[in-house]
There are 2 protein chains.
Amino acid sequence: MTANQGTPAETGQPVAHVASPTPAQAQEQVAAAIDRGDLVTIFGHCTVEYDGRASSHLGPGDRLVVCKPDGTTLVHTDEGHQPVNWQPPGCTQDARLRDGQFELHSVRSTPEEELLVTFEELFQVTAYNLTDERELALVGTESDLRDRILDEPALLEPGFSPLATERETSAGAVDIFGEDERGRRVVVELKRRRVGPDAVGQLTRYVDALQRDLHADAEVRGILVAPSVTDRARELLAEKGLEFVALEPETDAVADEPTE
Amino acid sequence: MTANQGTPAETGQPVAHVASPTPAQAQEQVAAAIDRGDLVTIFGHCTVEYDGRASSHLGPGDRLVVCKPDGTTLVHTDEGHQPVNWQPPGCTQDARLRDGQFELHSVRSTPEEELLVTFEELFQVTAYNLTDERELALVGTESDLRDRILDEPALLEPGFSPLATERETSAGAVDIFGEDERGRRVVVELKRRRVGPDAVGQLTRYVDALQRDLHADAEVRGILVAPSVTDRARELLAEKGLEFVALEPETDAVADEPTE
DNA sequence: CTTTGCATCTCGACT
DNA sequence: AGTCGAGGTGCAAAG
């Protein structure tokens, strides 16, 4: 067993590391780390109980548990992008001893939720004080697709004029609301990737609502804008008399050659 | 700097741990761990580039990087449930040296995606061989709600008779298809939690499709089953002549007193 | 606080 | 491999 504690380095911030700790050592280290606002990783053999929006039981197994200073807890197995169990940010953490075992208990309210990780065996406890000011710069989102059309409305169709974004209807906000070259109202629904039936349902709701809201005899066109459509979605569009325009969030040039 | 390597213990499987490694040491340790099929955690100061379905840039910051033996990569900051960057299972990992820096590179195809984590500074590299056979037992899902109604159809309404689950229509599969006491067709859409407008759109699509498919003059009822509805969803239901039944996936007794 | 819809959603099931 | 819908979805913006 090794324990390096205190004496943080100048930039890297090693705060605590214990290999093969006893339950009492783990409890002490984790409780102190949470107190300091460190990010903690725990390798160990554990069981997990969850109760809240649903409830779950997970039998014994080797897992990696991550506790973040914002109250997040993640339980990761050796597989999958998603944690097998978790608790969201804002939860209250408690590292405790119970019947000689180290337990990690996390609670929140609204909604009431509870996570209990019980360790039968501990391989390693580590804590670092991480700081990260930088924000992620992400390109290729739906809002990029919107900006593309607002910059060049003819990409949708010649003569199209955007009048508003996020225009409210009784069924929710429309991505782009505008007029075609003949002065007809146009509802545009944007999707950053290939669309299925759900997107058609969404567009349908907006078009129906706008027809209603304007109590107009005038036609309201509905256009779905996305890179592509599934067959079923195309059928549904046809049934509803709605239209589709193929368009990507980014130009191919930008997508393929980002560094020019 | 400390390095404990090899000689796995009998049940816990400490395989590699290095504090404040040099880039070359990190590359060596991580490459070997990936080779062995270990789960790797890396604490360090890094930048992250992603390009694929979208693309992103993340400037320097302290982060925890997790590499799983199934090809998953997760980049976690000190905040949030979700990783700030990631790569899904099935990717090919490469731990390499470039210009004297340790880089973690992950690639996949269909779709083509690439993640590059470049470490300016390394705090710790750890690898454990985790095994986890146990599956999560989750209660309170939509399928629990379905079973509840199939067990006791009167919970939906007196005289209701389920005829099929996952019944196919031209718009997709209906959760429960049945008949009411007067012999009318009933489409039931289930949601495990409070529903919004999207669920109404879904039910609407199914009811419309079934009307069409049966080319029947006969009325088709649509019933949304969930714990509760939002106001807008209720309005949309009324407009479409659809119905709502309040029902939870689990009985309160079970939800509140699981161990009796 | 709730509502609403996006997301590199992920995941499983089915074709 | 593509389609489809569930999810303890998480998340941010807006009311």
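In what follows, chains carry the letters A, B, and so on, assigned in the order in which the sequence lines appear, proteins first and then strands, with residues in each chain numbered from 1.
- Remark: the A:Ser56 side chain and the A:Asn85 side chain contain an N/O donor-acceptor pair separated by less than 3.5 Å.
- A close approach under 4.0 Å does occur between a side-chain nitrogen or oxygen of A:Tyr206 and OP1 or OP2 of C:dG5.
- Residue-level contact check: B:Ser143 touches neither bases nor backbone, having no heavy atom under 4.0 Å from any strand.
- Contact annotation for A:Thr141: backbone-only contact, meaning every heavy-atom pair under 4.0 Å involves sugar-phosphate atoms and none involves a base.
- Atom pair B:Asp51:CG and C:dT8:P shows a separation of 13 Å (rounding to whole Å applied).
- Between A:Leu58 and A:Arg63, the closest side-chain pair of non-hydrogen atoms falls below 4.5 Å.
- A salt bridge links A:Arg212 with B:Glu239: the closest approach of a Lys/Arg side-chain nitrogen to an acidic carboxylate oxygen falls below 4.0 angstrom.
- Computed from coordinates, the A:Arg53 CZ to D:dG8 P distance equals 8 Å when rounded to whole Å.
- Rounded to whole angstrom, the span from the CG atom of B:Leu145 across to the C1' atom of D:dG8 amounts to 15 Å.
- Each of A:Thr110 and B:Thr230 has a nearest nucleotide on DNA chain C; the 5'-most of these lies closest to A:Thr110.
- Rounded to whole Å, the distance from CG on B:Leu138 to P on C:dG12 is 13 Å.
- A:Ala171 comes within 4.0 angstrom of sugar-phosphate atoms only, judged by non-hydrogen atoms across all strands, and of no base.
- Side-chain atoms of B:Phe102 and B:Ile42, non-hydrogen and from C-beta on, do get closer than 4.5 Å to each other.
- For the pair A:Arg192 and A:Glu142, the salt-bridge criterion is not met [side-chain N within less than 4.0 Å of a carboxylate O].
- Between the base of C:dT8 and the side chain of B:Asn85 there is a donor-acceptor pair shorter than 3.5 Å.
- The side chain of B:Tyr50 places no N or O atom within less than 4.0 Å of a non-bridging phosphate oxygen (OP1 or OP2) of C:dA7.
- Within residues 186-195 of chain A, the residues having any heavy atom closer than 4.0 Å to DNA chain C are, in order of number, A:Glu189, A:Lys191, A:Arg192, A:Arg193.
- At the heavy-atom level, B:Glu113 lies under 4.0 Å from base atoms of the strands shown.
- With salt bridges taken as basic N to acidic carboxylate O contacts below 4.0 Å, none links B:Asp151 and B:Arg146.
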Report all interatomic pairs (protein N or O, nucleotide N or O of nucleotides 11-15 of chain D) with separations under 3.5 Å.
unit_1 : atom_1 : unit_2  : atom_2 : d
D:dC11 : OP1    : B:His81 : N      : 3.0
D:dC11 : OP1    : B:Gln82 : N      : 3.1

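- In the set D:dG8, C:dT8, C:dT4, D:dG8 carries the atom at the smallest distance from any side-chain atom of A:Leu115.
- You'll find the side chain of B:Glu243 stays beyond 4.5 Å of the side chain of B:Leu203, heavy atoms only.
- Among the protein residues, B:Asp198 comes within range of no part of the nucleic acid, since none of its heavy atoms lies under 4.0 Å from any strand.
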How far apart are the C-alpha atoms of A:Leu39 and A:Tyr128, what are their side-chain angles, what is the distance that settles it, and do they pass the side-chain contact (heavy atoms from CB on, under 4.5 Å) test?
CA-CA 5 Å; A:Leu39 187 148; A:Tyr128 278 85; 5.7 Å; no
Pair up each side-chain donor or acceptor in residues 223-231 of chain B with any protein partner under 3.5 Å, not counting sequence neighbours, and list the distances.
unit_1   : atom_1 : unit_2   : atom_2 : d
B:Ser228 : OG     : B:Arg194 : NH1    : 3.1
B:Thr230 : OG1    : B:Ala233 : N      : 3.3

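- Comparing B:Gln87 and B:Ala233, the nucleotide of DNA chain C nearest to each residue sits closer to the 5' end for B:Ala233.
- Checking the phosphate oxygens (OP1, OP2) of C:dT10, a side-chain nitrogen or oxygen of B:Trp86 falls inside 4.0 Å.
- Atom P of nucleotide D:dA6 and atom CZ of B:Arg146 are separated by 12 Å, given to the nearest angstrom.
- Proximity of B:Gln202 to the phosphate of D:dA6: a side-chain N or O atom is located under 4.0 Å from OP1 or OP2.
- Judged by distance alone, the side chains of A:Gln87 and A:Tyr50 never bring a donor and an acceptor atom under 3.5 Å apart.
- Of the candidates C:dT4, D:dC4, D:dG8, the closest approach to any side-chain atom of A:Arg232 belongs to D:dC4.
- Atoms CZ (A:Arg234) and P (D:dT3) sit 11 Å apart, rounded to a whole Å.
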Pair B:Asp213, B:Arg167 - check salt bridge (Lys or Arg N to Asp or Glu O under 4.0 Å), show working.
CA-CA 12 Å; B:Asp213 294 356; B:Arg167 184 193 190 283; 5.2 Å; no
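- Rounding to whole angstrom units, CG of residue A:Asp144 and P of C:dT8 are separated by 11 Å.
- Across all strands, B:Arg205 comes closer than 4.0 Å only to sugar-phosphate atoms, never to a base (heavy-atom distances).
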